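One structure is given here, and the rest of the page talks about it.
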There are 4 protein chains.
Amino acid sequence: MAQSMKQKKQEKKQSLVDASYDLFLSKGFNKTSIDEIVKKANVAKGTFYLYFKDKSDVMEDIMLRLSCRVLCDAYSSMKKSSTGDFVEDIIAIVDYIIEYFKKNKLVLKLVKKDFSWPLICEKIFDSEYGEVNKILEECFQNPYLAEHSNDDIFKLLFVIIELCGSICYTSIINEQPDTIDNMKPFLYRIIRKILEV
Amino acid sequence: MAQSMKQKKQEKKQSLVDASYDLFLSKGFNKTSIDEIVKKANVAKGTFYLYFKDKSDVMEDIMLRLSCRVLCDAYSSMKKSSTGDFVEDIIAIVDYIIEYFKKNKLVLKLVKKDFSWPLICEKIFDSEYGEVNKILEECFQNPYLAEHSNDDIFKLLFVIIELCGSICYTSIINEQPDTIDNMKPFLYRIIRKILEV
Amino acid sequence: MAQSMKQKKQEKKQSLVDASYDLFLSKGFNKTSIDEIVKKANVAKGTFYLYFKDKSDVMEDIMLRLSCRVLCDAYSSMKKSSTGDFVEDIIAIVDYIIEYFKKNKLVLKLVKKDFSWPLICEKIFDSEYGEVNKILEECFQNPYLAEHSNDDIFKLLFVIIELCGSICYTSIINEQPDTIDNMKPFLYRIIRKILEV
Amino acid sequence: MAQSMKQKKQEKKQSLVDASYDLFLSKGFNKTSIDEIVKKANVAKGTFYLYFKDKSDVMEDIMLRLSCRVLCDAYSSMKKSSTGDFVEDIIAIVDYIIEYFKKNKLVLKLVKKDFSWPLICEKIFDSEYGEVNKILEECFQNPYLAEHSNDDIFKLLFVIIELCGSICYTSIINEQPDTIDNMKPFLYRIIRKILEV
DNA sequence: TATGAATGAGTATTCATTCAT
DNA sequence: GATGAATGAATACTCATTCAT
């Protein structure tokens, strides 16, 4: 009984997150009003403020879940087909992310335009988001990077993800300087060079 | 007489641009109202709409001038101390840009947060902004890149500038993953690898 | 023509003040919304904020005008029937104020409940509200008070007005400890004692 | 058992009163929300409505206790050092109250701004608040006031307390027309005159 | 008694845009 | 061209109150 209460409570919060996500995607963060969110979530206005401080608060929530999920999915997808070559593993991860954004242009637009990757990264690594940390741990222990300090490995991965995000945004959204499919071989060549010992 | 009229007209427009720039820097684009702009510019509200469609219109104006100026300044600064080594020339340009953003954090924040480099780049290369095109031309003809197609060279430069912008933003604004001064050697090593034949 | 513009502008402001006054009187300050004010004033919502910072801002405006007017009316009414006896002049002023509040209970309620005399007094004496200052000047030079310092005279008048205001409020609004008509002789006896040399 | 139940119930009510008092003092009556009260009292929201009709209801409760206590404390403090001179006894009471408000400015602010003395007085004299009535009785029987009717004595005391409250507020809170310490001799001279036979 | 999630009417405030002068 | 008063839709946020558990 008590559980059903808490469950119901979580349902409300979830429906607010879902509604926000849909609206942020379709209208953009700035152009979405809290009015619209609560209407779509079928919840009273006050309920919004019961769970979130303001619009940015939901956004943060969404970004963390999303980034975490994409990264983890990319990692486990790579694991399945891994050849054991570290460089190719990294490229597999990047490729997964690129393909995800290709299929979800609106997500990409949202992630890049109204908030930025780095902010999210910061949160991911700091917080209790354990899964992502586990990925990182595995990288630290990879024999291929044995000579590098953990700090350097982190920087390396950070730069690659940044680069990947930047290029995704410009080429998928603006097709600048070319389509993402034309950029891919180019980008992977660069990543290989970066990771080359 | 006619000239003084035109001059006066341009004065109004310029003071609107100047006021906007100051306010965008100090308060951010979103939080600046047209009311504040015209008040700071000492101009009537209606006058704003004589010269600009809306706030974004001024922003575009500002961004183009700004990006163009920084890029050109970086280029001419490099020219003065060039050793003829193409790779080091590129790094000199990047370094100039980084140092500029280090000194002008607010500009960096504005450029990245409220608009993004790619959008500006797009304009720069498309438009009549001749100076930047000239820089590009020189790169195309550089013997070091003789084996590459113009298209590839453009992509290369684009990626480097994107990377530079991304890393500047995260490390200067968020100090993530490290301070920009600690990131620099790391970044330059990567750029060298990217440009390596 | 230009004058008609300014006139029209002042009309809007005046209609806002008038509407506010009416509503504050009938509903009280706290229960009056800006929505109601602008509706009653037949003016757009934004126009309110063109002339006033917020609700309290109008209130201050109203209080100053009102207090000033009542005090000045009381003074000139006294002047007309003055016998030259200073003490009786003061009592005549007090009596005028009491009669005014008897006829305008709502004003009394407004003045006392949501703002207090002292605040208003402070403004009156500090500001350019010249007429009130003139009254004060005359008191300072009255031969009856020749032996007192200006400072003491000011205190004396301040205390009398405070007393008057307090007793008005409790006896007119709450009929505590008695009706104002029953309090009057009592109050005047006290004032005479206070002013007695 | 039943008693401990009642005790527990009273505990909840008391903690609501205490929390309200603290918040009213620090934030003012109007700016304190029931939300804050229950949070500070560590009680569920619904519980508030079990004991009080609304915010004003708690306020009344607080005001009555407070006013009663201050008045009674003033009276018993006077009794201890009484010389038997009625006028000086009254002044001792007034002085106690003034000193209390000097030390508790916030209480003074609360008493005057959000509710007014007279309202409280009314309650005190009407209600079963016996102690205060006892004080009154003693005054009625004081030989010094033998010639006055009970009604007149009540008015006299009422006016003095009103005057005292008014002057406290203006001089302690606004320092208008002077600091309370500078007003004291002035005020006591007036009270002596008022009470003079 | 006690709880605290849910409500939604109510309110203040902002601001881009227009238009008569 | 230039002005700036006027607009009113849009929006964020609050909070007393209820009620099922």
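Note that the structure is predicted; figures quoted are calculated from it, not measured. In the text below, chain A, chain B and the rest are named by the order of the sequence lines, each starting its count at 1.
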Interatomic distance, C:Y49 OH vs F:dA9 C1' [rounded to whole Å]: 14 Å

Considering only side-chain heavy atoms of D:I34, which listed nucleotide, F:dA12, F:dT17, E:dA12, is closest? F:dT17

Once you apply a heavy-atom cut-off of 4.0 Å, does C:V43 come out as touching a base, just sugar-phosphate, or nothing? sugar-phosphate

Round to a whole Å and report the spacing from CG of D:L50 to C1' of F:dT17. 13 Å

d(CD1, D:I37; C1', F:dT14) in whole Å: 15 Å

I need the D:S26 OG to D:L110 CG distance, nearest 0.5 Å. 10.0 Å

Could you check how far CZ of B:F52 sits from P of E:dT17, rounded to whole Å? 14 Å

Heavy-atom check, side chain of B:Y169 versus side chain of B:L108, under 4.5 Å: yes

Counting only side-chain N and O atoms of D:Y51, is one of them less than 4.0 Å from OP1 or OP2 of E:dT1? no

So which heavy atom on C:V38 is nearest to which on C:A44, and how close? CG1-O, 3.9 Å

By nearest-nucleotide position on DNA chain E, the 5'-leaning member of B:T32 and D:K45 is D:K45

So which of D:D22, D:L23, D:V58 actually passes side-chain contact (heavy atoms from CB on, under 4.5 Å) with D:T32? D:L23

Can you tell me which nucleotide in F:dG8, E:dA12, F:dT11 comes closest to the side chain of C:A44? F:dG8

Treating B:S15 as the side-chain partner and B:K12 as the backbone partner, does any N or O pair qualify as donor plus acceptor under 3.5 Å? yes

Which is more 5' along DNA chain E, the nucleotide nearest D:G46 or the one nearest C:K31? Just name the residue. D:G46

Complement of E:dT18, any strand, by Watson-Crick or G-U distances under 3.5 angstrom: F:dA5

Atom CG of B:D35 to atom P of E:dT18: distance rounded to whole Å? 15 Å

Base, sugar-phosphate, or nothing: which does C:F48 touch, judged by heavy atoms less than 4.0 Å apart? nothing

Between NZ of C:K53 and C1' of E:dT14 the distance, given in whole Å, is 15 Å

Nearest whole angstrom, please: distance from the P of E:dT1 to the CG of D:L16. 14 Å

Give a yes/no answer on whether the side chain of B:K12 brings an N or O atom under 4.0 Å of OP1 or OP2 in F:dT3. yes

What is the distance, to the nearest angstrom, from the NZ atom on C:K55 to the P atom on E:dG10? 15 Å

Does a side-chain N or O of B:T47 approach OP1 or OP2 of F:dA2 to a distance below 4.0 Å, or not? no

